[in-house]
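One structure is given below, encoded as structure tokens.
Indexing begins at 1, ligand by ligand and atom by atom, following the structure's order. What you see is a predicted model, and the numbers here were worked out from it, not measured in a lab.
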Amino acid sequence: MKNLLVINGPNLNLLGDREPAYYGVATLEAINCGLAQRAAQAGAALATYQSNVEGDLVNRIQQAQRENVDFIIINPAAFTHSSVAIRDALAAAEIPFIEVHLSNVFRREPFRRHSYFSDRAVGVLSGLGAIGYELALEYALRPSTEG
Ligand code: DQA
């Protein structure tokens, strides 16, 4: 059975209310619920985690390695553009991951164009809203996906 983990970074607990023009109207709970249903239908285990705290995200990734998680879907949110610590945690865990952004970070402020994750990611989905998570999950569920 595949063991999958979805991680969301700071302020994504506010989805639904937060800048809907960028991030849509779906709540994180609704997004996670849809992902859990799809994973269950496919016979995979899926855990979700959100934190506003960088160190907690690092700890959750270290925990994922101990739990033998096969694949991570991560939206590091603002930490995308700043966090060497979360990048290093993913590298240490050696768990393949897809980077997801609800908004198209390339259509926004220039500082959002740099990611500490993209060069290590299996793939990046940016600008497709909540569907980005769903597409990432479909990839992670593929039998051919490494891990
Ligand atoms: C985001 C884009 C980031 O630049 C921003 O800081 C976020 C959300 C997105 O999903 O579009 O918090 O990761």
- [ ] Go through the structure and list residues passing side chain to side chain donor-acceptor pair (under 3.5 Å) with Asp88, not counting sequence neighbours.
- [x] none
- [ ] State, yes or no, whether a side-chain contact exists between Ile86 and Ile74 at a heavy-atom distance under 4.5 Å.
- [x] yes
Open item on the list: Using the ring-ring contact (aromatic ring centres under 6.0 Å, His included) criterion, which residues pair with His114? Sequence neighbours excluded.
Closed with: Tyr116
Open item on the list: Just to be sure I understand the cut-off, which residues have at least one non-hydrogen atom under 4.0 angstrom from an atom of ligand 1?
Closed with: Arg18, Tyr23, Asn75, Ala77, Ala78, His81, His101, Leu102, Ser103, Val105, Arg112
TODO: Begin with the C-alpha distance, continue with both residues' side-chain angles, and end with the deciding distance and a verdict on side chain to side chain donor-acceptor pair (under 3.5 Å) for Asn52 and Gln50.
DONE: CA-CA 7 Å; Asn52 297 323; Gln50 188 276 332; 2.9 Å; yes
Report all side-chain donor-acceptor pairs from residues 6-15 shorter than 3.5 Å, counting only partners two or more places apart or in another chain.
from, atom 1, to, atom 2, distance (Å)
Asn8, OD1, Tyr133, OH, 2.5

Task: Donor-acceptor contact below 3.5 Å, side chain Ser103 vs main chain Gly129 - done: no
